[in-house]
Amino acid sequence: MDLRSGYLILESVATDRCFDTWFTHVEPRLKGLGVHVNHAVTDRAKALIKMAITGFGCESGADIFHAQQADTTESEDSAQAEQNVESIKQSKLQYHENLQGLSEDLHPFSLLNNQPQTEGILLDKLEKRVRCFEEIAKKQTIPDNNKTAKKLRNQIPSLVVNVTAWWLLVNENLQALKVDAILRIWIIDALLPVVYWHQQLHKTQNTLFREKCQQAWESSSEVLRNHPLTYALSDCKLQQWLSWAEWVVQHFHRSSSAVEGRNGFLSKMYHNGRGISESRLKALTVIHNYGLKRQDGTTAAQRFFEQDFPDLFSWILGQMGELPLPRKGRPKVVLDPLKSLGVPA
């Protein structure tokens with residue numbers, strides 16, 4: 001799936017999900033579309049990591065959703081620890097704060113001051129989160145038998161790659177557009193934070209995080225309003241850079257939850273007693289790409305190809321032509337119970 005647009009590039013059913021299977025299916029499809037992959041966000045399945053690094057020749061970013069889920073066992077164990085109740089409550093509070101903090105830290109801009117976050121800053125922040133988890137476990141005498149902290153720590157570089165890859169996209173685009181130093185500073189420090197937090201504000205369903213996004217958006221909006229270059233640009237130029245900022249912000253993704261949701265939807269259909277045939281899966285893919293619409297009225301295909309497509313239902317009706325008439329039924333026989341009365345005995 002192209003995460004920005006939600007377009008399903010390929011859906012297939014396979015029992016063997018090794019690298020060779022993935023790459024054999026995906027490579028010809030990408031070539032047919034003329035698509036080159038610059039960054040892939042996946043869970044930590046070895047076949048998917050290899051497909052990104054070896055197959056696509058790009059970085060493999062870790063999925064933030066799976067990274068958070070891998071660390072949920074400590075909270076359950078801490079509730080069972082025979083410690084002081086107040087101490088346990090405090091530890092659980094710290095645990096949930098740091099678990100949410102994993103997500104809140106992993107953004108191109110800081111929630112606290114809207115400053116761009118570099119690779120070094122993010123590595124340091126996430127490492128501190130892992131240390132907090134280890135301290136909580138030590139304080140509550142929770143054994144880490146599954147080496148959860150080590151697994152999370154090993155994913156930190158791959159989590160940070162998601163942000164690093166996005167900044168690479170931003171800088172390469174600005175360089176290609178030959179933006180001067182003054183305008184570049186205005187775009188990165190003033191414009192992009194406003195557009196980014198505005199998108200996150202309307203994207204998240206987490207109430208607490210929405211409040212933080214609201215604060216970050218308001219503070220970054222004030223910086224944009226007070227910047228002298230904001231009023232020096234013409235309305236046309238300002239609108240052009242706003243459109244560009246919205247475009248580049250849409251390319252930041254750190255989670256493949258949309259893919260997981262799609263797989264969950266298909267799994268329910270698969271277990272309904274009939275399974276999913278190859279033809280049925282193709283039909284579902286077409287409906288997803290060309291039939292389902294977001295709130296703005298666009299389909300995944302429109303967003304992916306950046307062009308309009310005819311309405312799916314109308315197109316199907318046009319391809320069907322005139323419907324055939326129903327078969328002519330046999331004439332209905334009306335039985336006469338008195339028919340035998342006219343026949344001599």
**Message:** Using side chain to side chain contact (heavy atoms under 4.5 Å, CB included), reason through T164 and L168 one step at a time and then give a plain yes or no.
**Reply:** CA-CA 6 Å; T164 305; L168 182 62; 5.8 Å; no

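- The two atoms that bring F23 and P28 nearest to each other are O-CD, 4.1 Å, heavy atoms only.
- The backbone N or O of G120 lies less than 3.5 Å from no partner atom in the side chain of D124, so there is not a single donor-acceptor pair.
- Between the side chain of N289 and the backbone N or O of L8 there is at least one donor-acceptor pair closer than 3.5 Å.
- The residue from L111, L208, N206 that alone fulfils the side-chain contact (heavy atoms from CB on, under 4.5 Å) condition with E104 is L111.
- Contact between P116 and I121 at its shortest, heavy atoms only, is O-CD1, 4.4 Å.
- Put simply, OG1 on T299 and CG on L292 are 9.0 Å apart, with the number rounded to the nearest 0.5 Å.
- Ring pair W247/W244 is tilted by interplanar angle, where 30° to 60° counts as tilted.
- Between R17 and L48 there is no side-chain heavy-atom pair separated by less than 4.5 Å.
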**Request:** Decide side chain to side chain contact (heavy atoms under 4.5 Å, CB included) for F304 and R4; before the verdict, give the C-alpha distance in whole Å, the side-chain angles of both, and the deciding distance to 0.1 Å.
**Result:** CA-CA 8 Å; F304 182 74; R4 181 186 69 87; 5.5 Å; no

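- With contacts defined as side-chain heavy-atom distances shorter than 4.5 Å, the pair F56/H39 does not qualify.
- Ring-plane geometry between Y290 and F309 is classed as perpendicular, the angle between the planes exceeding 60 degrees on a 0 to 90 degree scale with a lower cut at 30.
- Taking each heavy atom of L10 and R29 in turn, the nearest pair found is CB-CG, 4.4 Å.
- For E278, the CD atom counts as loosely surrounded, since its 6.0 Å shell holds 12 or fewer non-hydrogen atoms of other residues, nucleotides or ligands.
- When all heavy atoms of H251 and W166 are compared, the closest pair comes out as C-CD1, 3.9 Å.
- Note that SG of C213 is 11.0 Å distant from NE2 of H198, once rounded to the nearest 0.5 Å.
- Within 6.0 Å of atom CD1 in I182, 12 or fewer heavy atoms from other residues, nucleotides or ligands are found, so the atom counts as exposed in its surroundings.
- With rounding to the nearest 0.5 angstrom, the CD atom of E172 is 8.0 Å from the CG atom of N38.
- In this structure, L281 and L266 have side chains that are in contact, with non-hydrogen atoms separated by less than 4.5 Å.
- Identified under the salt bridge (charged side-chain N to carboxylate O under 4.0 Å, His left out) test for residues 254-265, with sequence neighbours left out: E11-R262.
- Across all non-hydrogen atoms, the minimal contact from T21 to A14 is CG2-CB, 4.1 Å.
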**Request:** Evaluate the side chain to side chain contact (heavy atoms under 4.5 Å, CB included) criterion for residues L126 and L102: first the C-alpha distance (whole Å), next the side-chain angles of each, then the deciding distance (0.1 Å), finally the verdict.
**Result:** CA-CA 7 Å; L126 297 182; L102 285 175; 3.9 Å; yes

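- More than 12 heavy atoms of other shown residues, nucleotides or ligands fall within 6.0 angstrom of atom CH2 in W186.
- Legend: side-chain hydrogen bond (donor to acceptor under 3.5 Å, both in side chains) pairs involving residues 114-123, not counting sequence neighbours, sorted by first then second residue: N114-W197, N114-S219, Q117-K125.
- Contact of the I316 side chain with the M320 side chain is registered, since non-hydrogen atoms from C-beta on lie closer than 4.5 Å.
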**Message:** Run the side-chain hydrogen bond (donor to acceptor under 3.5 Å, both in side chains) test on S5 and E306 for me, step by step, so that the C-alpha distance in whole Å, both residues' side-chain angles and the decisive distance to 0.1 Å come before the verdict.
**Reply:** CA-CA 10 Å; S5 63; E306 296 183 350; over 6 Å; no

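- Cluster membership check: L30 does not share its hydrophobic cluster with I49, using side-chain heavy-atom separations under 4.5 Å among Ile, Leu, Val, Met, Phe, Trp and Tyr.
- For the ring pair (Phe, Tyr, Trp, His ring centres under 6.0 Å) test with F109, the passing option among W167, W217, F252 is W167; the others fail.
- The OG1 atom of T230 sits 10.0 Å away from atom CZ of R225, with the distance rounded to the nearest 0.5 Å.
- The environment of D235 atom CG is sparse: at most 12 non-hydrogen atoms of other residues, nucleotides or ligands sit within 6.0 angstrom.
- In this structure, the separation between CG on L284 and CZ on F265 is 6.0 Å, given to the nearest 0.5 Å.
- Within the 4.5 Å cutoff, side-chain heavy atoms of L312 are placed close to those of V286.
- Hydrophobic clustering, with ILVMFWY side chains joined whenever heavy atoms are under 4.5 angstrom apart, groups I188 together with L183.
- In this structure, Q140 and S87 have side chains that are in contact, with non-hydrogen atoms separated by less than 4.5 Å.
- Y7 and V259 sit in two unconnected hydrophobic clusters of ILVMFWY residues. Membership requires side-chain heavy atoms under 4.5 Å apart, directly or through other members.
- Between S256 and L3, the shortest heavy-atom distance links the atoms CA-CD2, 4.4 Å.
- Around atom CD of Q307, more than 12 heavy atoms belonging to other residues, nucleotides or ligands sit under 6.0 Å away.
- Counting non-hydrogen atoms of other residues, nucleotides and ligands closer than 6.0 Å to CH2 of W315 gives a total of 12 or fewer.
- With rounding to the nearest 0.5 angstrom, the OH atom of Y196 is 12.0 Å from the CG atom of L201.
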**Request:** Evaluate the criterion side chain to side chain contact (heavy atoms under 4.5 Å, CB included) for residue pair R303 and Q250; output intermediate values, then yes/no.
**Result:** CA-CA 11 Å; R303 297 186 294 270; Q250 289 173 359; over 6 Å; no

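- Residues L192 and V248 form a side-chain contact, since some pair of their non-hydrogen atoms from C-beta on lies under 4.5 Å apart.
- Looking at E134 and R153, their side chains come closer than 4.5 Å, going by heavy atoms from C-beta outward.
- Side-chain atoms of Q214 and E218 form a donor-acceptor pair, as typed in the model, at a separation below 3.5 Å.
- Connection of L122 to V249 is established within a shared hydrophobic cluster, with ILVMFWY side chains joined at heavy-atom distances below 4.5 Å, either directly or through further cluster members.
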**Message:** Using the rule given for salt bridge (Lys or Arg N to Asp or Glu O under 4.0 Å), can you reason through E135 versus R131, listing the C-alpha separation, both sets of side-chain angles and the distance that settles it, and then say yes or no?
**Reply:** CA-CA 6 Å; E135 290 174 3; R131 290 176 184 171; over 6 Å; no

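- Remark: side-chain polar atoms of N162 are paired, donor with acceptor, to backbone N or O of A62 under 3.5 angstrom.
- Residues I9 and M1 do not share a hydrophobic cluster, clusters being chains of Ile/Leu/Val/Met/Phe/Trp/Tyr side chains in contact below 4.5 Å.
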